[in-house]
Structure formats: structure tokens, C-alpha cells
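Chain A is the first sequence line, chain B the second, and so forth, proteins listed ahead of strands; every chain is numbered from 1. In this text, all values refer to a predicted model and were calculated from it rather than measured experimentally.
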Number of protein chains: 2
Amino acid sequence: MPVEREKYSRAIEDYLKIIFELLEASGRVSTKQIAEALDVKPASVTGMLQKMSAFKPALVNYRKHHSVSLTPEGRDIALRVIRRHRLIERFLQETLGFSWDKVHEEAHRLEHVVSDEFEKRVAEVLGDPEFDPHGSPIPTRELEMPEHSQKPLSELDKRERAYIREVPDEDEGLLLYLEEVGVVPGARIEVLERSPYDGIMTLIVMGQLQNAVLGPSITRRVFVEKKR
Amino acid sequence: MPVEREKYSRAIEDYLKIIFELLEASGRVSTKQIAEALDVKPASVTGMLQKMSAFKPALVNYRKHHSVSLTPEGRDIALRVIRRHRLIERFLQETLGFSWDKVHEEAHRLEHVVSDEFEKRVAEVLGDPEFDPHGSPIPTRELEMPEHSQKPLSELDKRERAYIREVPDEDEGLLLYLEEVGVVPGARIEVLERSPYDGIMTLIVMGQLQNAVLGPSITRRVFVEKKR
DNA sequence: ACTATTTATTAGGCTCACCTAATAAATAAT
DNA sequence: ATTATTTATTAGGTGAGCCTAATAAATAGT
Ligand SMILES: [Mn+2]
Ligand SMILES: [Mn+2]
Ligand SMILES: [Mn+2]
Ligand SMILES: [Mn+2]
């Protein structure tokens with residue numbers, strides 16, 4: 001049975017979402033990171049963290065100058081928003097024909113206003129998709145995040161082959177470029193070259209005429225998996 | 001060419017929309033009416049009217065204790081929001097299978113956050129529909145409101161026949177009832193009886209087993225047209 | 001025309017989510 | 001260890017959009 005849920009503000013939903021994502025990516029979160037990700041000042045983040053930790057039930061565990069983590073309640077909200085975001089991205093792409101570089105921003109706005117009914121129907125229409133257009137897993141109806149055993153493209157050695165699994169979703173220009181060179185989820189690639197100092201990698205992308213040349217700021221955020 | 005548009009707040013969009021609708025329905029708008037429609041206090045409406053009339057360009061013409069009207073700019077915003085609202089209602093119904101009593105509330109939230117791109121694609125997918133699920137006309141891309149020559153059901157005499165054109169969209173309970181008795185846009189009806197004092201009307205609805213009995217608070221807000 | 005009622009406006013506050021500037025704590029460099 | 005740098009927190013403000021209570025204007029009733 002769906003729990004009787006309070007309605008939290010857009011701001012709080014975005015904070016919880018980004019905290020979840022930062023924790024998932026690197027295991028820890030700093031005030032500064034949150035501030036940069038949300039494009040607000042660190043002072044604002046401190047204020048919001050204090051507020052969210054004072055909520056009943058608390059949404060975050062906060063020890064000043066030390067750690068930030070999510071309470072079960074906060075995690076739940078984060079996962080709900082992430083589920084909506086990713087479902088909406090898929091929906092925009094499949095049902096409305098949005099290109100993959102445009103879905104993120106639109107979903108970022110819609111994720112805060114759609115009802116449970118909307119979410120349910122979108123999931124139905126799409127047939128409960130497992131991934132968003134950038135390859136990120138969509139939390140299930142029960143808010144379980146599917147495990148994805150993948151590693152950064154930057155860790156592949158020369159001659160190694162793999163499948164692209166997930167690409168960063170916020171940078172529209174990057175997405176346009178990645179699409180052009182065929183570095184999209186599901187693509188099969190082989191590392192043709194990697195320079196040891198600057199980390200630039202040259203990839204053969206199956207089915208593409210040209211090779212893809214990517215710097216480390218990209219390859220560290222593109223994830224691959226060995227098996228299909 | 002789409003004009004470079006400022007982004008107005010949700011609150012302002014809702015004020016302008018409701019002012020437009022009240023003006024359209026009865027030719028004039030009072031502070032009290034707006035307050036009731038938006039579920040805020042009259043003092044808040046006064047404040048907002050003053051703010052909107054002080055905008056450059058102004059969104060409303062406001063003379064205290066006297067009239068409120070929309071400037072061309074204000075009217076434009078109202079029509080944009082109304083177009084979105086009604087397109088979204090159709091979309092929710094047709095593409096996501098929402099029932100007609102649930103679409104209004106959802107659209108009321110979505111109308112403020114969807115992009116021009118979203119609006120354009122929804123219109124395309126639906127094939128530029130002319131009416132929302134309750135029979136209200138959808139302003140065109142050029143923001144022209146289609147004329148609809150219709151009159152209240154309450155003005156029909158006994159024996160008169162007509163087609164249902166438009167029903168009020170805010171009251172979910174009423175919508176469920178109207179659907180049950182078949183009083184939906186396009187339905188052909190005949191006035192079987194109307195009591196002169198309390199205004200209660202009994203209708204024969206083509207294709208329905210039972211007659212529909214409706215009080216004046218409803219029949220004044222249901223619109224009909226003679227020709228098909 | 002005067003009075004009662006209804007409607008609208010002003011004045012003053014409140015909450016939310018942000019800001020800047022000043023200060024303090026943690027971390028890195030010498 | 002001391003100092004410099006980076007990061008985080010506090011203190012005090014701002015604007016949007018709402019509120020209540022007090023007052024004023026418009027309208028209706030006699
Ligand atoms: Mn995204
Ligand atoms: Mn968001
Ligand atoms: Mn509606
Ligand atoms: Mn609205």
C-alpha cells in the first residue's frame with residue numbers, strides 16, 4: 001500500500017536527488033559539491049541541510065563540518081524523484097520524439113509536478129523500462145535501484161572491448177557529440193589507443209566510420225560493461 | 001517568429017488565466033471572484049493586481065475599486081497557458097488514458113512547467129485538436145481563440161433539441177455524474193421537462209437508457225448548440 | 001438620504017529559498 | 001608546528017506570494 005506521503009518542495013526534492021546521486025557516485029558529499037550541482041551558494045546549502053535534518057521525520061543526517069547522509073525517508077524521496085525523472089525522460093523520447101539531449105532539462109521540471117497516477121500510466125505505456133535514454137537505471141515501483149556492475153571507460157586498457165552502458169546526462173553539447181560518434185548505450189567499442197599522460201582515448205565504435213576521441217573528463221563519466 | 005518571452009511565475013500565470021476566463025464568461029471580474037477561483041484571500045488578489053499592473057509591460061489594466069482588464073501582453077500569456085492546459089488535458093486523456101475527471105488537476109500543474117517544444121510536440125502527436133475533453137476550444141498556435149456559438153443548456157425550452165458542446169471542468173464529482181448520464185460533448189439531447197420555478201430540467205439523452213435530471217447550477221454551466 | 005452590508009484596499013507580518021559578508025573550522029603547504 | 005588556503009557556517013537581508021486585522025469605498029435596503 002502506498003504510504004501516505006507528505007508533499008515536499010521542489011527545492012527539497014532537488015537537494016535530496018543530488019545528494020543521492022553524489023553519494024552513489026563517490027560515497028561522500030560536500031556542501032560545495034551540492035552547491036555547484038544545484039547552482040546555489042554554499043551558505044544556502046548549509047541552511048537547507050539544517051532544515052532537512054530538523055524535519056520530522058528527518059530527511060538527512062547532518063553533522064556540521066562532517067558528513068551528510070540520507071535517512072530512509074530522504075532516500076525514499078530521492079528515489080521517487082529519480083524514478084520519475086528517468087521515466088519522464090524515456091517518455092519524452094519515445095512518445096513525444098524528443099532528442100536525447102533535450103530530455104533531461106524538461107524532466108527536471110516535470111519530475112516535481114506529476115502525480116502518482118501520471119507516473120503509473122507512463123510506466124505502463126512504456127512497459128516498465130529499465131533504463132533512461134542515457135543508460136541510467138530506473139528505480140522500480142518498489143523503489144529498488146537495479147544494480148549495475150559497470151566501470152568507467154577510463155579504466156579500460158588498449159585493445160580491450162566493452163559495451164557502452166551509461167553516459168552523463170546534463171551536458172547537451174556532449175550528448176550531441178557522443179551521438180554523432182556513436183558512443184551511446186549499447187554500442188560496442190574497442191580501445192584503439194590511450195595516451196598515458198593526458199589520458200586521451202581513441203575508440204573504435206562498431207558500425208561507425210570514424211573513431212571517437214575522448215578526453216579523461218569524459219571517459220571518467222562514461223561507463224562500460226564487458227558482457228552484452 | 002516566436003517572440004522572446006519573459007518567464008512569468010506560476011502564480012501570475014494562474015491569475016491571468018482565471019481573469020481571462022472570468023472576463024470571457026461574464027464580461028467583468030471582481031477581486032472576490034478571483035480570490036475564490038484561486039483559493040486565496042481578496043487582500044492577496046489586490047496585491048497581485050497592483051503588481052501585475054506595475055509590470056513593464058503591464059499585464060493588467062487596473063483601476064482600484066473599478067475595473068480589471070487584460071493588456072495585450074496579459075491576454076497573450078493567458079491564452080498560452082490556456083492552450084497548454086487544454087492540450088495537456090487532451091494528451092493525458094488520449095495518450096495516457098486518464099479519465100476526463102482527472103485531467104484538469106494534473107494539467108493545472110503541468111501547464112506551468114512544460115516547454116514550447118513540449119507543447120509543439122503534444123499538438124503534433126494529437127493532430128492539433130480543437131477541443132479539450134470537456135469541450136472547451138483550444139487556442140490555436142497563433143493564440144486565436146476559436147469562436148463557439150453556443151448557449152447555456154438552461155436556456156432551452158421544453159421539446160427543444162440540441163448537442164452538448166461544453167461542460168464545466170473543475171468539479172470531479174460532477175464530471176463523473178455527467179459521464180454516467182451521457183451528458184458529454186457531442187451528445188444529442190432533448191428537453192423532456194423543465195419546471196419553471198426551480199429550473200430543474202429533465203433531458204432525454206440519445207443512446208442512454210435513463211433520462212438526465214439536472215439542476216440550474218449545472219444547466220447554466222453546460223453549453224449546447226443547435227446544429228451538429 | 002441615511003444606514004447596514006458587502007466588497008476592496010492598506011498596513012504589517014510570515015515562510016520559503018535564496019543572497020552577501022564576516023567568521024570559523026578543516027585541510028594543505030611550508 | 002605554524003601558516004596559508006580551502007571549505008563550511010553564521011548572521012543579517014531580500015523578494016515572492018501568501019496571511020490577518022483594520023479601514024475605506026461601493027452597493028443595497030429602508
Ligand atoms: Mn537526466
Ligand atoms: Mn528538478
Ligand atoms: Mn481544465
Ligand atoms: Mn495552474
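One atom, CG of A:Leu38, and another, C1' of C:dC16, lie 16 Å apart when rounded to the nearest Å. The CD atom of A:Glu13 sits 15 Å away from the C1' atom of C:dA17 (whole-angstrom rounding).
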Practice problem: Using a 4.0 Å heavy-atom cut-off, write out nucleotides 7-18 of chain D from 5' to 3' as B (base contacted by protein), S (sugar-phosphate only) or - (no contact). | Solution: SSBB-----SSS

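With A:Phe131 as the aromatic partner, A:Arg86 does not meet the cation-pi criteria of under 6.0 angstrom to the ring centre and within 45 degrees of the ring axis.
A:Glu225 and A:His148 share no donor-acceptor pair across their side chains, judged by distance under 3.5 Å alone.
B:Glu130 meets the side-chain contact (heavy atoms from CB on, under 4.5 Å) test with no other residue; sequence neighbours excluded. Residues satisfying the side chain to side chain donor-acceptor pair (under 3.5 Å) criterion with A:Ser99, sequence neighbours excluded, are A:Asp101.
In this structure, B:His104 NE2 and B:Glu172 CD are separated by 9.0 Å, a value rounded to the nearest 0.5 Å.
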